[in-house]
Amino acid sequence: MMLNSGLCTLNRIFIEPRCCINESERKSNDSSGVALKKFKKDSVYIDKNGKLRNFNHKKLSRKTCGSMRGRGWKFGSGFVDGIFPVLSPTAQLILEYLQKEVDSERIWGSLDKLPPSLDAWDDVLTVSVQLRMRKKWDSIISICKWILLRSSFKPDVICYNLLIDAFGQKFLYKEAESTYLQLHQARCIPNEDTYALLIKAYCMSGKLQNAEAVFAEMRNYGLPSSAVVYNAYINGLMKGGNFDKAEEIFQRMKKDGCKLSIESYTMLINLYGKAGKSYMALKVFDEMLSQKCTPNICTYTALVNAFAREGLCEKAEEIFEQMQEAGLEPDVYAYNALMEAYSRAGFPYGAAEIFSLMQHMGCEPDRASYNILVDAYGKAGFQDDAEAVFEDMKRVGITPTMKSHMVLLSAYSKMGNVSKCEDILNQMCKSGLKLDTFVLNSMLNLYGKLGQFEKMEEVLTVMEKGSYIVDISTFNILIHRYGQAGFIEKMEELFLLLRTKGLKPDVVTWTSRIGAYSKKKLYLKCLEIFEEMIDSSCYPDGGTAKVLLAACSNEDQIEQVTSVIRTMHKDMKTVLAVA
C-alpha cells in the first residue's frame, strides 16, 4: 500500500463508547424515596448501603476522547490520561502503511514523497505518537530516523524524545544514549521529558549508575527534579525488576519536597501489589487521600489488583465499590482485576458472576477476561466449565493465544488428563502457535506426576534436540519428580549435570533435592545438603523449612532445625514460616 493510494474520509480518531445502550426512563424509587429519572442503564449500581446510585459519565475514564492537534507531545500523555492524537486523512494513510510495512528502506521511500510542509511535519509527529500508544517501537524508530537522516525537516526535541523512548522500550540503552548525544550536537535543548526518558531507558536495562548520572546532570543544568522525572525513574526501575530501588527513589522524591502526582501514588501501589504487600498498597492509598490527591481509575484498579494477587476478594470488592462511589465507571481492566481476586481465592463462580456483571453493564470482556475465567474454573477442578468458556471465547471472535491454551492445559493437567493435554498441544500446533519451554515443562511435570517417566524423557529429548531452551526450571521438574518417586541416583545424576549445562541450582533445586531425602527420613543427609545450599549462597525459603522439618524424627531434631533457620542470615529480608 502506498501513501497516495487513497484518501481517508475521517480527519480525527473517534473513540467509540464501550456500548450503545438506549437511555431508559426508570420510574422506581430507591430506598430513600428519591425518584429516578433517565438513568443510563449501564450507569446504575447498588452501593453497599443498598441505595441505587448513578455514575457520572463525564468523570475521568480510560476512554475519554481528546485531541493533540497543535499541542505537541508530552511524556506520560496518551491512553491513561485520555489524550488521543487527531489524525488527518494523510496521517491516517501513513499510519495504515506503517502498520503493514516493516522494511525501513521502503518506509523511507514512501515518506520521501511527503511535501516539506508544516502540515506534513504535524502528520508525521502525530502518527509517531499514535504508534507509541500502540507500542510499535520499530515503526517509531524508522520514522524518527527518517526525520533525522533523510528528510528536509529540522528535528525538534519531541522527535529526539520519541526516539529515546522507543530505544529504551526495546532495552537498547546505548542507542538511547547515542540519540541523546545527537540531540546536543544538533544544538537542541533537552527538556525534562528528555531526561525522564533517558533515565527510564537506563533503569529498564539495569544501568542504575548511568541513571543516577543523568539525574545529577539534570540538576547541574538547573532543571528541577519534577514528578515527571521521578515517575519515569520509578517506572523504569519497576520494569527492570528493581523494586527495592524504586521504593528508595519514591522516598527520595518525598524527601526532596517534590509533589507526588496521581501516577506516583499509582505506581507505588502497583509496586507493593506485585511484591505481595497489599497492606502497604492500602497505606499508600490512604496517604494519597490524606494529601488531597484524587485517585483515578488506574489507581483504584492497581489497588484491586494488589488484593487480587493475594486472593483477598472481600477487600478487592470493597475497593471496587469505593471506585464506583467516587463516580468512576469500571472498565474491563477493573472488572478483570476483581475477577482475578475471586479466581485466586478459589471462587470460580464469583469470577463468573463478575464476568456476567461486566457484560450486563455494557463493558465488553477482552481476551484477558476469558483467560481469567478459564483459569478460575481450571484451578477449582471444573475443567468442563473451563473448556466451555474457552470455546465461547472463540465463538465471539477472540483468537486464543499461547496463554489461553496454557490455562486450559493447566486445568486438565491438574486432573491428570494426559490425553486431553496432548489434544490441546496438537490444537496449539494446528493454530500456528509455536510451543515454548514453558509449555513443554508443563508436559514434563504432568508425565512425571503420573509416573510416566519414559514419556517425560521423550519430551526432554525433543527439547534438547530442538530449538528449545532447557533451563533451570526444566531440571527442577526432573529433579523433583525423580526424587519424589524415590529414584535418588537418577536425581543426583541430573543435579551433577547442571554444572556442565552452565546452570546454577536455585532454591527450588536445593529444596527438591532435600525433599527426596526428607521423604526417606534421612535427617543427616538433609542437613548436609542444606549446608551445601548455604555455602553456595542460596537462601532457603518457607518450602525449604518445611521439607527439613518433615525429615525430623524427634523433638530435638525439630528444635535444631527451627533454631538454625531462625538464627542464620539475620540480614535476610524475608521471615521464614517454620513454626
Chemist: How long is the straight-line distance from CG of L338 back to CD1 of I354, given to the nearest 0.5 Å?
Modeler: 4.0 Å

Chemist: Looking at C258, is its backbone amide N or carbonyl O close enough to the side chain of D256 to form a donor-acceptor pair, meaning the two atoms are under 3.5 Å apart?
Modeler: no

Chemist: Between N191 and N161, does a side chain to side chain contact (heavy atoms under 4.5 Å, CB included) hold up when you go through it step by step?
Modeler: CA-CA 9 Å; N191 57 21; N161 287 352; 3.3 Å; yes

Chemist: For K136, does the NZ atom sit with more than 12 other heavy atoms under 6.0 Å from it, leaving out its own atoms?
Modeler: no

Chemist: With a 6.0 Å cut-off (strictly less than), is the heavy-atom count around NZ of K145, excluding the residue itself, greater than 12?
Modeler: no

Chemist: Could you measure the distance from the CZ atom of R132 to the CG atom of D165? Nearest 0.5 Å is fine.
Modeler: 4.5 Å

Chemist: Can you tell if the side chain of T194 reaches within under 4.5 Å of the side chain of V157, non-hydrogen atoms only?
Modeler: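 Yes, close enough: below the 4.5 Å cut-off.
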
Chemist: Going by heavy atoms in the side chains, are I147 and W121 under 4.5 Å from each other?
Modeler: yes

Chemist: Closest heavy-atom contact between S467 and K434?
Modeler: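 Taking S467 first and K434 second, the nearest heavy atoms are OG-NZ, 4.1 Å.
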
Chemist: Between E263 and N231 (side chain of the first, backbone of the second, donor and acceptor by atom type, cut-off under 3.5 Å), is there such a pair?
Modeler: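 Side chain of E263 to backbone of N231: no pair is present.
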
Chemist: Hey, does K239 have a side-chain heavy atom less than 4.5 Å from the side chain of C203?
Modeler: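 Sidechains of K239 and C203: no contact.
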
Chemist: Which pairs pass ring pair (Phe, Tyr, Trp, His ring centres under 6.0 Å) with one or both residues in residues 229-267, sequence neighbours excluded?
Modeler: F215-Y230, F215-Y233

Chemist: Do other residues, nucleotides or ligands put more than 12 heavy atoms under 6.0 Å from L149 CG?
Modeler: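 Yes, the 6.0 Å shell around CG holds more than 12 heavy atoms from other groups.
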
Chemist: Check whether more than 12 heavy atoms from other residues, nucleotides or ligands sit under 6.0 Å from atom CD of Q251, and answer yes or no.
Modeler: yes

Chemist: Taking the side chain as every heavy atom from C-beta outward, state whether Y539 and V507 have any pair of such atoms under 4.5 Å apart.
Modeler: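 SC-SC contact between Y539 and V507 ruled out.
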
Chemist: Taking NZ, NE, NH1 and NH2 as the nitrogens, is one of them in K174 or E177 under 4.0 Å from a carboxylate oxygen of the other?
Modeler: no

Chemist: Just so I know, are the side chains of M361 and P330 near enough to count as touching, which here means a heavy-atom distance under 4.5 Å?
Modeler: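 No, side chains not in contact.
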
Chemist: What I'd like to find out is whether the side chain of I234 reaches to under 4.5 Å of the side chain of S264, using heavy atoms alone.
Modeler: no

Chemist: Tell me yes or no: between the side chains of T126 and D123, is some donor less than 3.5 Å from an acceptor?
Modeler: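 There is no such pair (donor and acceptor under 3.5 Å, judged by atom type) between the side chains of T126 and D123.
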
Chemist: Side-chain contact, heavy-atom cut-off 4.5 Å: N371 with M406?
Modeler: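 N371 does not reach M406 side chain to side chain.
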
Chemist: Could you tell me whether E105 and R150 make a salt bridge, using a distance below 4.0 angstrom between a side-chain N and a carboxylate O?
Modeler: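 Between R150 and E105 there is a salt bridge, with a charged N closer than 4.0 Å to a carboxylate O.
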
Chemist: Would you give the length of the straight line joining atom OG of S104 to atom CD1 of I143, rounded to the nearest 0.5 angstrom?
Modeler: 11.5 Å

Chemist: Begin with the C-alpha distance, continue with both residues' side-chain angles, and end with the deciding distance and a verdict on side chain to side chain contact (heavy atoms under 4.5 Å, CB included) for I269 and N305.
Modeler: CA-CA 9 Å; I269 289 170; N305 263 319; over 6 Å; no

Chemist: Are there over 12 heavy-atom neighbours, none belonging to L118, within less than 6.0 Å of that residue's CG?
Modeler: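 No, not enclosed.
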
Chemist: Look at the rings of Y370 and F355 and say which category their plane angle falls in: under 30° parallel, 30 to 60° tilted, over 60° perpendicular.
Modeler: perpendicular

Chemist: Pairs under 3.5 angstrom only: tabulate donor-acceptor contacts from the side chains of residues 284-292 to other protein residues two or more places apart or in another chain.
Modeler:
from, atom 1, to, atom 2, distance (Å)
E287, OE1, K254, NZ, 3.3
E287, OE2, K254, NZ, 3.2
S290, OG, E287, O, 2.6

Chemist: What residues, two or more places apart in sequence or in another chain, satisfy side-chain contact (heavy atoms from CB on, under 4.5 Å) together with D436?
Modeler: M402, F438, V439

Chemist: Taking all non-hydrogen atoms of both residues, which atom of Y160 and which atom of A186 are closest, and how far apart?
Modeler: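 Looks like OH-CB, 3.3 Å.
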
Chemist: In Å and rounded to the nearest 0.5 Å, what is the CG to OG1 distance from L435 to T437?
Modeler: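 Result: 10.0 Å between the selected atoms.
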
Chemist: How far apart are the C-alpha atoms of Q209 and Y202, what are their side-chain angles, what is the distance that settles it, and do they pass the side chain to side chain donor-acceptor pair (under 3.5 Å) test?
Modeler: CA-CA 8 Å; Q209 289 185 339; Y202 280 134; over 6 Å; no

Chemist: For the pair S404 (side chain) and T401 (backbone), establish whether a donor and an acceptor sit closer than 3.5 Å, ignoring hydrogens and angles.
Modeler: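 Judged by distance alone, yes, a pair lies under 3.5 Å.
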
Chemist: What is the distance from atom OG of S278 to atom CZ of R309, rounded to the nearest 0.5 Å?
Modeler: 10.5 Å

Chemist: Identify the two heavy atoms, one from I140 and one from A166, that lie closest to each other, and give their separation to 0.1 Å.
Modeler: CG2-CB, 3.9 Å

Chemist: Looking only at non-hydrogen atoms, find the nearest pair between A120 and P115 and report the distance.
Modeler: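 Answer, listing the atom of A120 first, then P115: CB-O, 3.1 Å.
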
Chemist: Would T399 and R367 count as a side chain to side chain contact (heavy atoms under 4.5 Å, CB included) if you check the C-alpha gap in whole Å, the side-chain angles of each, and the deciding distance to 0.1 Å?
Modeler: CA-CA 8 Å; T399 304; R367 183 182 287 108; 4.3 Å; yes

Chemist: For the side chain of W108 and the backbone of D103, is there at least one donor-acceptor N/O pair under 3.5 Å apart?
Modeler: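 No, because the side chain of W108 does not come within donor-acceptor range (under 3.5 Å) of the backbone of D103.
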
Chemist: Going by heavy atoms in the side chains, are E96 and K100 under 4.5 Å from each other?
Modeler: no

Chemist: Any donor and acceptor pair, going by atom type alone, linking the side chain of T266 with main-chain N or O of I262 inside 3.5 Å?
Modeler: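 Such a contact is found between T266 side chain and I262 backbone.
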
Chemist: Hey, which of Y300, Y333, Y335 is the one that makes ring-ring contact (aromatic ring centres under 6.0 Å, His included) with F320?
Modeler: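 The residue from Y300, Y333, Y335 that satisfies ring-ring contact (aromatic ring centres under 6.0 Å, His included) with F320 turns out to be Y335.
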
Chemist: Which atom pair, heavy atoms only, marks the closest approach of L328 to N296?
Modeler: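 Answer, listing the atom of L328 first, then N296: CD1-C, 3.8 Å.
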
Chemist: State whether the side chain of D156 and the backbone N or O of C159 hold a donor-acceptor pair below 3.5 Å, judged by distance alone.
Modeler: yes

Chemist: Side chains of S473 and N476: is there a donor and an acceptor less than 3.5 Å apart?
Modeler: no

Chemist: Between E212 and L208, does the side chain to side chain contact (heavy atoms under 4.5 Å, CB included) criterion hold? Intermediate values first, please.
Modeler: CA-CA 6 Å; E212 279 291 342; L208 304 189; 5.8 Å; no

Chemist: Taking atom CD of Q92 and atom CD of Q130, what is their separation to the nearest 0.5 Å?
Modeler: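 Separation between the atoms: 8.0 Å.
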
Chemist: For I189 versus L183, what's the shortest heavy-atom pair and its separation?
Modeler: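 Minimum heavy-atom contact is C-CD2, 4.2 Å.
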
